[in-house]
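First comes the structure, then the notes that go with it.
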Amino acid sequence: AQTVTQSQPEMSVQEAETVTLSCTYDTSESNYYLFWYKQPPSRQMILVIRQEAYKQQNATENRFSVNFQKAAKSFSLKISDSQLGDTAMYFCAFGGGAQKLVFGQGTRLTINP
Amino acid sequence: EAQVTQNPRYLITVTGKKLTVTCSQNMNHEYMSWYRQDPGLGLRQIYYSMNVEVTDKGDVPEGYKVSRKEKRNFPLILESPSPNQTSLYFCASSLSLGKRYTFGSGTRLTVV
């Protein structure tokens, strides 16, 4: 069974700094998808970024980028020029052959003014 | 607007009183799923559906039922709720596995 591990329960940085959230996963599949979701206090689940495992190029979305290391099964999220609105819970998720997303435990990120 | 609509957003109920949480999507998605979110555990899948009349168990199906009589609707039924089902519930839909998932706004359920 697939597992996703987020080893940082909480993180805190100053506004405008860069922060990296860690995620590792375990799978024997070769074709899969990886996601980062943001959950602000409104509790809405918002897709931040998506990576297809067969693509070597790391996905980017504006200030958000990933470092995808397939061999190491690592999928970290980098947030550049962090903003107060980035304060949220962040979930890493794996989507493979099984009909579900497997989520990590979450990292609570606080951006301080 | 493309969306997944969940109702209610908040619900407090008593042990054993049957309840239904509704979920509806307007994107003609074939895949729909229910998750529960608990502190320190992330989101875990309860049930999913690949299409009308096709449903299957996820990782934590005990105490829950679902149905998919229409493509757009995927209600979650708790026939006899217990306090350990107190949680935050999300419905999600997708065109297919691996594509963008759209989540509902969540239902905070408290069973006393």
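Basis for what follows: all heavy atoms, side chains included, without hydrogens, waters or symmetry-related copies. Quick caveat: nothing in here was measured; it's all calculated off a predicted structure.
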Tell me whether [X] at atom [atom1] has more than 12 heavy atoms from other residues, nucleotides or ligands lying less than 6.0 Å away.
X     : atom1 : value
A/Q57 : CD    : no
A/Q56 : CD    : no
B/K71 : NZ    : yes
A/R63 : CZ    : yes

So if you build clusters from Ile, Leu, Val, Met, Phe, Trp, Tyr with side-chain heavy-atom gaps below 4.5 Å, do [X] and [Y] land together?
X      : Y     : value
B/Y48  : B/V52 : no
B/I46  : B/F74 : yes
B/L109 : B/W34 : yes
A/L109 : A/L84 : yes
B/V111 : B/V60 : yes

| So, B/Y101 versus A/Y37, ring centres under 6.0 angstrom or not? |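 No.
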| field | Proximal component of A/Q39, with respect to chain B [non-hydrogen, under 4.5 Å] | value |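 Contact with chain B: side chain only.
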| remark: Tightest non-hydrogen contact, residues B/R108 and A/R43, listed as CB-NH1, 3.7 Å
Per-residue contact mode, [X] against chain A (heavy atom under 4.5 angstrom):
X     : value
B/D38 : neither
B/S33 : neither
B/R44 : neither

| field | Backbone N/O of B/R100 and side chain of A/R50: donor-acceptor pair under 3.5 Å | value |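 Checking the backbone N and O of B/R100 against the side chain of A/R50, no donor-acceptor pair under 3.5 Å is found.
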| Check: B/L43 main-chain N/O paired with A/Q105 side-chain donor or acceptor under 3.5 Å | no
| message | Only heavy atoms, only distances under 4.5 angstrom. Which residues in residues 77-91 of chain B are near chain A? | response |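 Result: B/L88, B/F90.
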| said: For a side-chain contact (heavy atoms from CB on, under 4.5 Å) check, start with the C-alpha distance between B/F103 and A/L47, then their side-chain angles and the critical distance, and finish with the verdict. | reply: CA-CA 9 Å; B/F103 283 81; A/L47 179 63; over 6 Å; no
| Ring-face cation of B/R36 near A/F103 (centre distance under 6.0 Å, axis angle within 45°) | no
